[in-house]
Amino acid sequence: MPTLAAGRDVQALHRAAAPDFFGWLEHTRAAGACTRPIRLAGTLTAVESGTGRVVEQRHTDELPDRTLYKACGNRRAAQCPDCAWVYAGDAFHVVRCGLTGGKTVPTSVAAHPVVFATFTAPSFGPVHRRHIPRHTCADRRRCDCRPAPCRARSIAGTCPHGQSAACFARHDADDPQLGRPLCLDCYDHDHQVVWNYFSGELWRRTKQAIERHLAALCRRRGIPHVQVSTDSGRVRRVPPVRVSHGKVAEMQRRGAVHFHVLLRLDGVDPDDRDALVPPPAGITVDDLDAAVHAAARQITVVTPPHPDGPQGWQVAWGEQVDVRRIGASDGDVTDGKVAAYLAKYATKSTEITGHCSTRLTPDTVDAYADPEGNHLARLIDACWRLGRPIHHHTSRTVAPAGERQAGLDTTPNAYAGLRRWAHMLGYGGHFLTKARRYSVTFGLLRDTRATYRRAEHDDTADSGDAADTVTVGTLAFVGSGWLTDGDALLANTAAAQRRERRRVGREELAHEAWSGVAA
């Protein structure tokens, strides 16, 4: 019986022996390295941009495989490494341009005060951890320091369920026990998935608190508000500073998200609200640092009541709120390192927890959720149970002093989205978000790349009027993935060779440039 590899090789040889092989290879180039490309069928019409005259019309039946291939564009490296590689490159530029400028962002933003803050979730119960009290390694990325015991105790007691409250193991970095609770029954799985679900609201209020803190500081220091005109023609007074952010969510091993946030301090131009100007001289990076810590301590969200939690749950940040300054004297936090760090995590999801699935349905949830199962199974079960339909009326509770509840949905279905995001352990936000004024958009980067590829294609085409035409597609989805494993092998191999040639070419150009400077 032939193996799968042998069958794939036969398919590849059959495709390579076809007369139109090189035409097929060029046709699939746009999705060459994609794991599951999108297959489209329909009509492609070339129209003159000036007159609207139809120059040419083709149907996908005339193309190889009678279909048009398009890369899936999935950002998750576990699903499609090549599309995630492209997404990570775009994420790098989105983050980097907000720090240094470029690509329509003025370079003057490089002088604005910026901090890199990390907001973590609180504890929902003790978990196995890898703790290094003091690093002696030269490079944290290749850290080989000896960790301390996980949870050493002089008196090792037990929890109410009979599990030991101590762990003396020195866990390796890839130990599967990391992030797992010491006692599954003591761990508050409900609170954790609720925290994940409402963490976006917690961040929104935290940023508002940061801006309110800075606005109050401006008033105390005598820095006047700025009068700006609204779209309706009215004039209103606004604080002279505002905070623009770029944020990445990272899933921890225990299944709780934490946020890495770049916070840039900008001023306000009364004549152009969209202009990026420096903040007033009276507000410094020290003030931004203090505002972040003050907001993290202040903000607490009380969620709506639920039959399993009649008083709701408190959603607040954990004790570990780390704030670092970009370009500080220690040299650890530079714009390039931060941009690469955030771009890397923008392509990840729940893989670090050991769980990776698509959206769950009533037919598939039983394969993952178990109230008596392991840590991940209980988290998914908590999402599904708390997100169940609630048919009786639930009254609103009054939040204690110092806690905010206004703005949250208090209807009985306020937790219904937990079922939709059960595969994400309750977190339904995007893993990379930014303020509108922080930097360029992904759409601009995609359009720029498409324009470059179109111009590159026009340069190699014979038709001189290719640049004056616009291609209009009337296409429908017909499937995803390559037709055979052999096609996937050939397309991915050709794409890998093209990437290698581009890499070697860039190195040769850099070498020639350096040789010219040295000469």
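Below, all heavy atoms of this structure are taken into account, side chains as well, without hydrogens, waters or symmetry copies. Please read all numbers here as calculations on a predicted model, not as lab measurements.
The aromatic rings of Tyr415 and Trp313 stand perpendicular to each other, their planes meeting at an angle above 60°, with 30° marking the opposite boundary. Taking the six-membered ring where tryptophan is involved, the planes of Phe21 and Trp24 are essentially parallel, since the angle between them stays under 30° and well short of 60°. In this structure, Phe259 and Tyr427 have tilted ring planes: the angle between them lies in the 30° to 60° band. Taking the six-membered ring where tryptophan is involved, the planes of Tyr187 and Phe124 are perpendicular, since the angle between them exceeds 60° and thus also 30°.
Side-chain atoms of Asp335 do not come within 3.5 Å of backbone N or O of Cys97 as any donor-acceptor pair. No donor-acceptor distance shorter than 3.5 angstrom exists from the side chain of Thr364 to the backbone of Leu360, with no hydrogens or angles considered. A donor-acceptor pair under 3.5 Å links the side-chain atoms of Asp269 to the main chain of Asp271, judged by distance alone. Using a distance-only test at 3.5 Å, with no hydrogens or angles considered, a donor-acceptor pair links the side chain of Tyr438 to the main chain of Val95. Side chain of Arg419 to backbone of Trp384: a donor-acceptor contact under 3.5 angstrom is found. Side chain of Thr353 to main chain of His355: a donor-acceptor pair is present (N/O by atom type, distance under 3.5 Å, no hydrogens or angles). The closest donor-acceptor contact from the side chain of His423 to the backbone of Thr350 lies at 3.5 Å or more, if one exists at all. Panel note: side chain Thr60, backbone Gly42; a donor-acceptor pair is recorded below 3.5 Å. One N or O on the side chain of His59 and one on the backbone of Asp61 form a donor-acceptor pair closer than 3.5 Å. In terms of modelled atom types and a separation under 3.5 Å, the side chain of Glu351 and the main chain of Ser349 share a donor-acceptor contact.
Phe116 is not listed as a side-chain neighbour of Leu99, based on a closest heavy-atom distance of 4.5 Å or more. Proximity of Val228 to Val268: side-chain heavy atoms (C-beta onward) are separated by under 4.5 Å at one or more points. Looking at Thr474 and Thr45, their side chains never come closer than 4.5 Å, going by heavy atoms from C-beta outward. The side-chain heavy atoms of Leu489 and Gln11, taken from C-beta on, include no pair separated by under 4.5 Å. Between Arg36 and Cys83, every side-chain heavy-atom pair lies at or beyond the 4.5 Å cut-off. Using a 4.5 Å heavy-atom threshold, the side chains of Cys356 and Arg76 count as touching. By the 4.5 Å heavy-atom criterion applied to side chains, His93 and Arg96 are not counted as neighbours. Put simply, the side chain of Val94 reaches to within 4.5 Å of the side chain of Val440, judged on heavy atoms.
Between the CG atom of Leu25 and the OG1 atom of Thr493 there is a distance of 9.5 Å, given to the nearest 0.5 Å. Distance check, rounded to the nearest 0.5 Å: CZ of Arg75 to CZ of Phe431 gives 5.5 Å. Remark: Gln252 CD to Leu178 CG distance equals 12.0 Å, nearest 0.5 Å. Between atom CD1 of residue Ile299 and atom CZ of residue Arg205 there is a gap of 7.5 Å, rounded to the nearest 0.5 Å. To the nearest 0.5 Å, the span separating CD on Glu250 from CG on Leu342 amounts to 9.5 Å. Atom CG of Asn196 and atom CG of Leu418 lie 9.0 Å apart (nearest 0.5 Å).
Each of Trp203, Tyr341, Phe119 was scored for a ring pair (Phe, Tyr, Trp, His ring centres under 6.0 Å) with His260, with one residue passing: Tyr341.
Inspection of the His245 and Lys434 side chains reveals no N or O donor paired with an N or O acceptor under 3.5 Å. Thr206 and Trp317 share a donor-acceptor pair across their side chains, judged by distance under 3.5 Å alone.
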#### Entry: Derivation of the salt bridge (charged side-chain N to carboxylate O under 4.0 Å, His left out) call for Arg378 and Asp188
CA-CA 10 Å; Arg378 296 191 186 203; Asp188 196 346; over 6 Å; no
### CA sep, side-chain torsions, deciding dist, call: Thr120, Val321, side-chain contact (heavy atoms from CB on, under 4.5 Å)
CA-CA 7 Å; Thr120 61; Val321 178; 5.7 Å; no
### Query
Going through the checks in order, is the side-chain contact (heavy atoms from CB on, under 4.5 Å) test met by Val472 and Val47?
CA-CA 7 Å; Val472 179; Val47 181; 4.3 Å; yes
### Message
What verdict does the salt bridge (charged side-chain N to carboxylate O under 4.0 Å, His left out) test give for Arg385 and Asp308, after you've listed the backbone C-alpha separation in whole Å, the side-chain angles of each residue and the deciding distance to 0.1 Å?
### Response
CA-CA 9 Å; Arg385 175 169 43 80; Asp308 294 356; 3.1 Å; yes
### Task
Assess whether salt bridge (charged side-chain N to carboxylate O under 4.0 Å, His left out) is satisfied between Arg437 and Asp266, documenting all intermediate values.
CA-CA 10 Å; Arg437 296 183 180 90; Asp266 298 333; over 6 Å; no
### Task
Apply side-chain contact (heavy atoms from CB on, under 4.5 Å) to Val105 and Leu276, showing your working.
CA-CA 8 Å; Val105 180; Leu276 293 175; 4.1 Å; yes
### Task
Any chance you could lay out the salt bridge (charged side-chain N to carboxylate O under 4.0 Å, His left out) test for Asp447 and Arg449, step after step, and finish with the verdict?
CA-CA 5 Å; Asp447 291 344; Arg449 184 163 53 247; over 6 Å; no
### Task
Tell me, with the steps shown, if Gln192 and Leu379 meet side-chain contact (heavy atoms from CB on, under 4.5 Å).
CA-CA 8 Å; Gln192 176 167 317; Leu379 289 174; 3.6 Å; yes
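At most 12 non-hydrogen atoms from other residues, nucleotides or ligands lie less than 6.0 angstrom from CZ of Arg66. Residue Lys348 places its NZ atom among 12 or fewer non-hydrogen atoms of other residues, nucleotides or ligands, all under 6.0 Å distant.
In terms of heavy-atom proximity, Val257 sits nearest to Ser199 at CG2-OG, 3.9 Å. The two atoms that bring Leu432 and Ala91 nearest to each other are CD2-CB, 3.6 Å, heavy atoms only. Contact between Ala414 and Tyr197 at its shortest, heavy atoms only, is O-CE2, 3.4 Å. Closest non-hydrogen pair, Val478 versus Ala41, comes out as CG1-CB, 3.6 Å. Nearest heavy atoms, Ala491 versus Thr28: CB-OG1, 4.4 Å. Nearest approach of Pro37 to Ala31, heavy atoms of both residues: CB-CB, 3.8 Å.
Ion pair Asp174/Arg130 not flagged as a salt bridge, since none of the NZ, NE, NH1 or NH2 atoms sits closer than 4.0 Å to an Asp/Glu carboxylate oxygen.
No cation-pi contact links Arg39 to Trp482, judged by a cut-off of 6.0 Å to the six-membered ring centre and 45° from its axis.
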